[in-house]
Asker: 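One structure coming up, written as structure tokens, with questions to follow.
Each chain gets a letter, A, B and so on, in the order the sequences are listed, and its residues count up from 1. Side chains are part of it too, since the values below use all heavy atoms of this structure and drop only hydrogens, waters and symmetry mates.
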There are 2 protein chains.
Amino acid sequence: MNIENTQSQMRKGIFEFCILSIIRRGEAYPSDIVEEMRNANLQIFEGTLYPLLTRLKNSEMLTYRWVESNSGPPRKYFSLTEKGETFYQELEQTWNELANGVNTLTKK
Amino acid sequence: MNIENTQSQMRKGIFEFCILSIIRRGEAYPSDIVEEMRNANLQIFEGTLYPLLTRLKNSEMLTYRWVESNSGPPRKYFSLTEKGETFYQELEQTWNELANGVNTLTKK
DNA sequence: TTTTAGTACTATGTATTGCAAAGTACTAAA
DNA sequence: TTTAGTACTTTGCAATACATAGTACTAAAA
């Protein structure tokens, strides 16, 4: 039982919300997403990100298209489906309830 | 991929923090803990709570004593160790960083 | 006295996902 | 042709929330 493990456990379930939020604001490819998360001091690893994007795509929350890049391999740009937008709103509510609950409990 | 599962995943890692916070404020037994969490709109099941308390005890974050109850079986009252207090402070920082990161990212 | 009900705690199997690591593929530069 | 950087894929493992089945204690009811 150590802090790194707990950090990892705390991240579970939260990354879906973060990723959908980023893509909701505009089409993005994985490196964009990593960058935006890093800017918010959130760390996500490729081994997490790619399977998660795949799961979201398979669940019809996201669609993607291939875009040739200037100098390098093609990139997969993701965007939100209507189903994804609905799910995002549920996630937003879920997060807010959880965060409020925790803060209520721990800040007294 | 549905909201209930994501809620469950979001809870991972957070309950340690909540439980230590409750016990930090004063000695408590499991039903006390369930009650305080419910008051904060956080739901924890016995299958989660008891093993978690055991893990925290085994990691020397908590100690406990048995207390006879007025009408019913004896109760296990938990309290925080010094190691638990230190760990709590790390958890508090971890939670604040995570919550700030998520809110920064999703509220823009 | 025995049985029932309520309370308290224990143990275990399952599903899910973050993490780590190994790998493939594309493009441009050396 | 080889190397380096970028982009994506796959898979196995560890940890924990959840569900469930069970044991144990005490008081009240039968």
Asker: Could you pull out all residues at least two apart from B:Arg55 that satisfy salt bridge (Lys or Arg N to Asp or Glu O under 4.0 Å)?
Answerer: none
Asker: For A:Met1, is there any backbone N or O sitting under 3.5 Å from a side-chain donor or acceptor partner on A:Asn5?
Answerer: no
Asker: Provide the start and end nucleotides, 5' to 3', of the part of DNA chain D that has atoms under 4.0 Å from heavy atoms of chain A.
Answerer: D:dG5 to D:dT16
Asker: Could you work out, with salt bridge (Lys or Arg N to Asp or Glu O under 4.0 Å) as the rule, every residue matching A:Glu97, not counting sequence neighbours?
Answerer: none
Asker: Go through residues 48-59 of chain A and report each residue with a non-hydrogen atom lying under 4.0 Å from DNA chain D, sorted by number.
Answerer: A:Tyr50, A:Pro51
Asker: Tell me, please, which residues at least two apart from B:Ser8 pass side-chain contact (heavy atoms from CB on, under 4.5 Å).
Answerer: B:Arg11
Asker: Could you check whether A:Glu4 gets within reach of a base, just the sugar-phosphate, or nothing at all, counting any heavy atom under 4.0 Å?
Answerer: nothing
Asker: Can you list everything that forms a salt bridge (Lys or Arg N to Asp or Glu O under 4.0 Å) with A:Glu27? Sequence neighbours excluded, please.
Answerer: A:Arg65
Asker: Sequence neighbours excluded, which residues qualify as ring pair (Phe, Tyr, Trp, His ring centres under 6.0 Å) partners of B:Phe15?
Answerer: none
Asker: Kindly write out the residues that satisfy salt bridge (Lys or Arg N to Asp or Glu O under 4.0 Å) with B:Glu35, not counting sequence neighbours, or none if the list is empty.
Answerer: B:Arg38
Asker: Please set out all donor-acceptor pairs under 3.5 angstrom arising from side-chain atoms of residues 73-83 of chain B, sequence neighbours excluded.
Answerer:
residue, atom, partner, partner atom, Å
B:Arg75, NE, B:Tyr29, OH, 3.4
B:Arg75, NH2, B:Tyr29, OH, 3.4
B:Ser79, OG, B:Thr63, OG1, 3.3
B:Thr81, OG1, B:Glu60, O, 2.6
B:Thr81, OG1, B:Met61, O, 3.0
B:Thr81, OG1, B:Lys83, N, 3.4
B:Thr81, OG1, B:Gly84, N, 2.9
B:Lys83, NZ, B:Ser59, O, 3.3
B:Lys83, NZ, B:Glu60, OE1, 3.4

Asker: Check each residue of residues 72-80 of chain B for a non-hydrogen atom within less than 4.0 Å of any atom in DNA chain D, then write out the ones that pass by number, or none.
Answerer: B:Gly72, B:Pro73, B:Pro74
Asker: Convert the base pairs of DNA chain C into dot-bracket notation, remembering that pairs crossing earlier ones are written with [ ] and that bases paired across to another strand are shown as |; include only Watson-Crick or G-U pairs under 3.5 Å.
Answerer: ||||||||||||||||||||||||||||||
Asker: Does some side-chain heavy atom of A:Lys12 sit less than 4.5 Å from a side-chain heavy atom of A:Gln9?
Answerer: yes
Asker: Assign B:Glu68 to base, sugar-phosphate, or nothing according to its heavy-atom contacts below 4.0 angstrom with the strands shown.
Answerer: sugar-phosphate
Asker: For DNA chain C, determine which residues of residues 27-35 of chain B have any heavy atom closer than 4.0 angstrom to one of its atoms, and list them numerically.
Answerer: B:Tyr29, B:Pro30, B:Ser31
